Amino acid sequence: MGFRLEVVTPEKQLFSGDVDAVLAPGAEGQLGILPRHAPLMSILTEGELVARRGEEELSFAIYGGFIQVLPDRVIVLADVGERADEVDAEQAERARREAEALLQKEPSPALRAEALMALRKAQLRLRVAQRHRPRRPAGEAS
Amino acid sequence: METLREIRRRIRSVQHLAQMTRAMEAVSASKVQKAQAAVLATRPYAYRAWEVIVNLSSGRGIPLHPLLTLREPVRSVLIVVFTSDRGLCGAYNHNVVRTATDYAHRLEVPVRYVAVGKRGRNILWRLRAPLIAQFSGLPAVPRLTDITPIARLAMDEFLAGRSDEVLLVYTDFIHLLRQRPVVKRLLPLHPTRLDEQVVSEYVVDLQPARVADYIYEPSPEALLDVVLPRFTELQVYQAALEAAASEHAARRAAMRNATDNAEELLRDLTILRNKARQHAITRELLDIAGGAEALGQRREAAG
């Protein structure tokens with residue numbers, strides 16, 4: 001028995017459909033949500049949101065937001081978010097290299113913080129994109 | 001009368017002009033659609049976020065969040081006016097600025113302005129209105145990140161107590177031929193007075209799911225701290241998109257008029273050109289006839 005998951009950002013709806021389980025980056029640790037979870041509202045940090053539907057895994061990069069768990073559905077309000085298949089892996093890789101190069105050069109504190117943030121974001125996007133690659137078939141995840 | 005060559009040159013230049021205005025008309029029409037699609041796409045988020053706010057703020061024993069607190073009396077007001085960076089859009093900018101200043105005159109407290117768009121800034125500047133900030137260079141269809149600084153400024157002014165109310169004045173897009181300047185409240189947010197907010201257009205018939213016992217992580221206050229600023233940004237974003245759709249629609253209409261005028265001018269010029277050409281032909285024929293006549297007379301005289 002699954003439940004309904006909605007993932008929305010202010011700019012668009014990323015996903016709406018039935019899933020079996022959700023793993024979300026809660027502000028106070030990872031949140032695993034299975035059917036019949038208690039009603040919950042929590043802040044999300046940046047991280048990967050994974051939804052499982054049968055053998056299939058859907059992955060989203062989320063940069064902060066909010067999750068609401070209701071008896072029959074789960075709503076994720078992401079400040080900014082991307083679906084795994086939308087992530088431009090090449091661009092993320094470029095961004096990662098740029099951020100790393102900047103950090104090598106011992107920049108000013110402000111610049112350093114910015115580079116670190118860019119780096120974290122790029123790593124997250126790459127991780128999500130990686131997951132989206134065609135998976136080996138036959139029962140890898142269960 | 002102008003010479004044939006001059007008239008031909010004018011026809012060509014009017015033709016080029018009409019081509020440009022026709023192209024701008026088409027471009028504006030497509031931008032209207034993009035802005036409209038973007039504003040419609042905010043609907044699911046607006047609905048869900050509002051649901052969360054109503055849920056959180058209706059819980060008993062939770063102190064009212066500063067962004068939700070109405071202040072009595074209101075001693076100063078901040079008005080954010082959405083205008084365009086570029087002209088060629090008819091009375092679009094003047095209408096929205098006039099709506100803002102008319103509204104401000106009726107308030108009996110000091111009003112300060114934030115101008116979004118160069119045109120609005122210039123008009124308010126000339127009116128010597130107290131302008132505390134201006135934002136320009138927004139793309140044709142703004143993204144959320146483009147307007148975040150505007151929302152931040154509004155929240156800072158409100159929370160610092162420099163303004164007791166923040167209003168948004170922008171042009172509401174009704175359809176391609178109709179846009180209307182409106183005044184909506186941005187801050188404070190009030191869960192029971194939704195109809196005064198920008199978001200009211202996108203959230204109707206809201207019945208929040210009544211769930212008795214939520215687990216709040218980390219706490220209801222912390223949750224509101226996250227949701228309310230986002231929601232405020234969202235409303236500014238919706239206003240900016242409405243304004244963008246209206247701007248492009250106004251420009252489309254202005255360009256349509258310009259194209260029509262150019263075509264009318266072309267019709268007149270074409271008639272003028274034909275007359276001039278006919279005139280030139282007649283004159284040449286007269287010359288030839290006159291010449292032939294003269295030649296004939298000379299031959300007669302010789303013979």
Side-chain angles (χ1 to χ4, degrees), chain A residues 3-17 22-34 36-47 49 60-83 86 114 117-118 121, chain B residues 34-35 37-57 59 62 141-148 151 198-199 202 208-238 240-241:
Chain A
F3 54 88
R4 186 157 195 84
L5 172 69
E6 281 185 37
V7 185
V8 292
T9 72
E11 288 180 348
K12 63 180 173 180
Q13 183 146 22
L14 290 182
F15 179 79
S16 172
V22 170
L23 198 64
E28 316 225 303
Q30 282 285 329
L31 291 167
I33 294 148
L34 293 164
R36 301 168 61 90
H37 191 284
L40 166 84
M41 283 195 201
S42 172
I43 295 173
L44 298 180
T45 64
E46 66 173 40
L49 176 82
F60 307 86
I62 301 283
Y63 312 103
F66 193 85
I67 191 167
Q68 189 180 19
V69 181
L70 294 159
D72 56 338
R73 61 206 162 107
V74 171
I75 297 155
V76 175
L77 299 174
D79 297 347
V80 184
E82 273 176 306
R83 223 168 32 221
E86 293 176 335
E114 205 172 293
M117 206 156 83
K121 195 173 159 179
Chain B
K34 276 190 201 135
V39 78
L40 285 180
T42 64
R43 201 177 263 169
Y45 187 96
Y47 188 89
R48 297 298 172 209
W50 188 251
E51 196 177 50
V52 168
I53 290 170
V54 172
N55 257 324
L56 278 171
S57 55
I62 300 169
V141 179
R143 305 212 35 190
L144 185 65
T145 46
D146 297 315
I147 62 88
T148 322
V198 184
V199 75
Y202 312 100
R210 289 275 157 209
V211 177
D213 299 305
Y214 272 108
I215 305 167
Y216 296 108
E217 265 181 31
S219 66
E221 293 85 352
L223 288 170
L224 276 176
D225 271 343
V226 171
V227 170
L228 290 175
R230 290 290 164 278
F231 194 74
T232 306
E233 284 169 15
L234 177 78
Q235 291 207 82
V236 177
Y237 178 55
Q238 288 175 332
L241 287 175

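Reminder, nothing fancy here: chain letters follow the sequence lines and each chain counts from 1. What you see is a predicted model; the values in this text were computed from it and never measured.
Proximity of B:R230 to A:L77: side-chain heavy atoms (C-beta onward) are nowhere separated by under 4.5 Å. Looking only at side-chain heavy atoms (C-beta outward), B:R48 and A:F66 stay at 4.5 Å or farther from each other. Within the 4.5 Å cutoff, the side chain of A:I33 has heavy atoms near those of the A:I67 side chain.
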Take A:E11 and B:R143 through the salt bridge (Lys or Arg N to Asp or Glu O under 4.0 Å) test and state the conclusion after the steps. CA-CA 8 Å; A:E11 288 180 348; B:R143 305 212 35 190; 2.5 Å; yes
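Options A:V69, A:I43, A:V8 differ in how many heavy-atom pairs under 4.5 Å they form with chain B, and the most are formed by A:I43. Of the listed residues (B:L223, B:V226, B:L144, B:D225), the one with the most heavy-atom contacts under 4.5 Å to chain A is B:L223. Interface summary for chain A: among B:V227, B:T145, B:L241, the most heavy-atom pairs under 4.5 angstrom belong to B:V227.
For A:L40, the parts sitting under 4.5 Å from any heavy atom of chain B are the backbone and the side chain alike. For chain B, no part of A:S16 is nearby; none of its heavy atoms comes within less than 4.5 Å.
No donor-acceptor distance shorter than 3.5 angstrom exists from the side chain of B:T42 to the backbone of B:A38, with no hydrogens or angles considered.
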